[in-house]
Amino acid sequence: MVKENQISSVDGLKKYLKKYDSYYEEKELFFRGQLSRYEEMTPSVARDDNDYASEVKYYQLYKSSKKSVIQNLSKMQHDGVPTRYLDFTTDPLVALFFATQHDKREDASLYVLIRPNYDANSDEVQLASFIATQKNRDLVSILREYNNINESSMNIDRAMSILSHGVFIRPDTISDVNNYRMNEQKGTFAIPANKIEKGRITGIIPFENDLSYEEIVVPFEYQQRIRDELKELGYTKSRLLGVEDTDINNKALTNENIKLVDEKRPHKSYTQYSVTIEYNDLITVDEMEKLGRKIADDSMAVSVWMLFRRSNSNSTNYSLRLHWYKEALNRERNYGWQGIKYSNWMLEEFSEDSYITDQYFQENFGRLRYKHLPLESDAKKIGLGVSFNDGSLLISTNLMNGTELLLSYRVGNESERTKKLTVIDQQCSENIISEPNDNKIAGNVVMPAAIVQPTKIRDSYGIDYERIKGDFIRRSNDEPIVAGFKRFEFEIK
């Protein structure tokens, strides 16, 4: 099972991203991996005031006269020179690779962004990149110089519109055979929006402040296993970076890192021991197994249950559960335990019910604001009406066949009734059973979030219902989901 906003394996990520398949096919899906503690997706040149002030100097120092501005910035970015480009990839496993390539005992994040994107030769990409070459940040001067060099006639309003939004470069339109890393990483870049004050460009706007994104946390506990999985699939430093493959070594743990709590020795016909293990510095699953084996040996029991959790987690939010037992015990008593041989123990491992990163999302709730995809310009207008006649409640709509709705209503003072309905031929209905003294029926029709709709509905209407519009559709960054809601009330005659 994959928990919301958390993955612990390569397969888990693939399953989690299935909901984005239609955007992937349309080449609108971009990924980035980084440590979770970085609160902003900010390009390297904007992380330090000195670097931002030196942007043009960097460009002049490292540019090649044989390359275009975009090719130069792309190569500089992959070579570690501060630029206004931010690395993205169209391969989620490349992003997962970079999210887990660090020696810090910290969680990592994989960001998923759905964005319209532009050819590298478009005005959008050309102008957004051109800023890096200009020392004078006056917008009128920049536009005059840009039009001059490119024999263009762009006006100030269009320039303002382009530079006020993040610009994503369409995959495969940056052609540079010399940029090995970009090609291997299925890499592309995004250029952030600019702060524009009184006609001057004064800074850069981080990407998470621009439209929507989703953050998926990769718990530290599972990162080593993910690295091993990725290596088997060919996602290595030698292939993606062109450098020698080396192991990642995390700092050593102190003896005071763990605390045993809730130790129990139930009185049974065999010796059983259970314990909860809290840890301060994060530890890998493999380290948990090694520690668990020692605790099991010291317990002198033949069946040992261990519950691992972070020291700041709530009492039931476990990172991993281990069950160590002696093979003879299982065989003799036919308990049906399914373990793997681990020296003189058998080991069962359970991780499917752990939402390790719940604490992270709780603590960062204020920062992780809901941001939904904007309505598309050609969004289809949807209507939904409810009528009541001759004991039948009728919902009329131009929603697609197969769209699922949820009907909730009360007849008179009776308890609420709920029913799931499916749109067929632009309608669905419910026969209402009422008593002679009932004088009113009231309730609502809900169109649930796209994520729980059938795949064909989600693909047609968009994951944030950005391809449809209508008065009954609730769309707000104060709400976690976009959904439809229609209230109704009728007299029963």
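Atom set for the values below is all heavy atoms of this structure, side chains included, hydrogens, waters and symmetry mates excluded.
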Is there a side chain to side chain donor-acceptor pair (under 3.5 Å) between E278 and S311 once you walk through the steps? CA-CA 5 Å; E278 292 185 348; S311 59; 5.9 Å; no
Distance-only, no hydrogens or angles: does the H78 side chain make a donor-acceptor pair with backbone N or O of S74 under 3.5 Å? no
My understanding is that only residues two or more places apart in sequence, or in another chain, count here; which of them pass side chain to side chain contact (heavy atoms under 4.5 Å, CB included) with T271? A301
Give a yes-or-no answer on whether the side chains of N280 and R105 include a donor-acceptor pair shorter than 3.5 Å. no
Side chain to side chain donor-acceptor pair (under 3.5 Å), that's the test. Do S129 and Y85 meet it? Break it down for me. CA-CA 8 Å; S129 302; Y85 278 14; 2.7 Å; yes
Looking at D11 and K14, is there a salt bridge between them, counting it only when a charged N and a carboxylate O are closer than 4.0 Å? no
Quick check against the 3.5 Å criterion: does N72 have a side-chain atom that pairs as donor or acceptor with the backbone of K63? no
Does F350 have R321 sitting over its ring (NZ/CZ under 6.0 Å from centre, angle to axis within 45°)? yes
Once salt bridge (charged side-chain N to carboxylate O under 4.0 Å, His left out) is applied, do any residues pair with K19, and if so which ones, sequence neighbours excluded? E214
Contacts of N121 that satisfy side chain to side chain contact (heavy atoms under 4.5 Å, CB included) - sequence neighbours left out: D119, Q126
For T83, which residues count as a side chain to side chain donor-acceptor pair (under 3.5 Å) partner, sequence neighbours excluded? Q77
Keeping the roles fixed (side chain from N150, backbone from Y146), state whether a donor-acceptor pair exists under 3.5 Å. yes
Can you tell me how far CG of L307 sits from OG of S274, rounded to the nearest 0.5 angstrom? 7.5 Å
Could you tell me if the side chain of T90 sits less than 4.5 Å from the side chain of K27, heavy atoms only? no
Taking the side chain as C-beta and beyond, is there a heavy-atom pair between F308 and E221 under 4.5 Å? no
Rounded to the nearest 0.5 Å, the NZ atom of K186 sits from the CG atom of D172 at a distance of 9.0 Å
Would R170 count as a cation-pi partner of Y118, with NZ or CZ less than 6.0 Å from the six-membered ring centre and within 45° of the ring normal? no
Measure the spacing between CD of E289 and OG1 of T284 and express it to the nearest 0.5 Å. 8.5 Å
Look at E327 together with K341 and state whether they make a salt bridge at an N to O cut-off of under 4.0 Å. yes
Of all residues at least two apart in sequence or in a different chain, which pass the side chain to side chain donor-acceptor pair (under 3.5 Å) check with D51? Y58
Can you check whether H323's main-chain N or O pairs, donor with acceptor, with E348's side chain at less than 3.5 Å? no
Q453 side chain vs E404 backbone, donor-acceptor pair below 3.5 Å: yes
Can you name the one residue among R32, Q34, E215 that meets side-chain hydrogen bond (donor to acceptor under 3.5 Å, both in side chains) with S109? E215
Hits for side chain to side chain contact (heavy atoms under 4.5 Å, CB included) against A120, two or more places apart or cross-chain, chain-then-number order -> I70, I169, T173, I174
Is any side-chain heavy atom of F30 less than 4.5 Å from a side-chain heavy atom of T89? no
Output all residues satisfying side chain to side chain donor-acceptor pair (under 3.5 Å) with N183, sequence neighbours left out; order by chain, then residue number. none
Kindly state each residue pair satisfying ring-ring contact (aromatic ring centres under 6.0 Å, His included) with at least one member in residues 87-109, sequence neighbours excluded. F88-F168, F88-F207
Is D107 paired with R310 through a side-chain N to carboxylate O contact shorter than 4.0 Å? yes
Got L13 and L96 here, is their nearest side-chain heavy-atom distance under 4.5 Å? yes
Validation row: I481, D464 side chains within 4.5 angstrom (heavy atoms): no
Interatomic distance, CD@E263 vs CD1@I295, rounded to 0.5 Å, equals 8.5 Å
Would you please name every residue forming a side chain to side chain donor-acceptor pair (under 3.5 Å) with T276, sequence neighbours left out? none
Using modelled atom types and a 3.5 Å cut-off, is there a donor and acceptor pairing between side-chain atoms of Y461 and backbone atoms of M400? yes
Heavy-atom donor-acceptor pair, N194 side chain to T202 backbone, under 3.5 Å: no
Determine whether P43 and P192 make a side-chain contact, defined as any pair of heavy atoms from C-beta on separated by less than 4.5 Å. yes
What is the minimum heavy-atom distance between A128 and I131, and which atoms define it? O-CG1, 3.8 Å
Criterion salt bridge (charged side-chain N to carboxylate O under 4.0 Å, His left out) on K290 and D286, from CA distance to verdict: CA-CA 6 Å; K290 185 176 180 181; D286 291 343; over 6 Å; no
If I compare all heavy atoms of P92 with all of L17, which pair ends up nearest, and what's the gap? CB-CD1, 3.5 Å
Salt bridge or not between R225 and E349? Use side-chain N to carboxylate O under 4.0 Å. yes
May I ask you to test the L35-K104 pair for a side-chain heavy-atom distance under 4.5 Å? yes
Looking at Y52, is R137 sitting on its ring face, NZ or CZ under 6.0 Å from the six-membered ring centre and within 45 degrees of the normal? yes
Can a donor-acceptor pair be found, under 3.5 Å and without considering hydrogens, that links the side chain of Q223 to the backbone of E106? yes
Let's go through S319 and M288 carefully: what are the C-alpha distance in whole Å and the side-chain angles of both, what is the deciding distance for side chain to side chain contact (heavy atoms under 4.5 Å, CB included) to 0.1 Å, and is it a yes or a no? CA-CA 10 Å; S319 309; M288 291 182 201; 4.0 Å; yes
Compute the ring centroids of Y273 and W305, then answer whether they are less than 6.0 Å apart. no
What are the two closest non-hydrogen atoms of S351 and Y222, and how far apart are they? CB-OH, 2.8 Å
Got a donor-acceptor contact below 3.5 angstrom from the H372 side chain to the V482 backbone? no
Atom pair OG/CG of S54 and N50 - distance to nearest 0.5 Å: 6.0 Å
Validation row: V10, L93 side chains within 4.5 angstrom (heavy atoms): yes
Please confirm whether the ring centroid of Y325 lies under 6.0 Å from the ring centroid of W345. no
Among pairs that include at least one residue of residues 234-248, which meet salt bridge (charged side-chain N to carboxylate O under 4.0 Å, His left out), considering only residues two or more places apart or in two chains? E184-R239
Salt bridge (charged side-chain N to carboxylate O under 4.0 Å, His left out) pairs, two or more places apart, involving residues 80-98: E55-R84
How long is the straight-line distance from NZ of K326 back to CD of E332, given to the nearest 0.5 Å? 12.5 Å
Taking only residues two or more places apart in sequence or in another chain, which ones pass side chain to side chain contact (heavy atoms under 4.5 Å, CB included) with T254? E256, N257
Quick check against the 3.5 Å criterion: does Y23 have a side-chain atom that pairs as donor or acceptor with the backbone of I463? yes
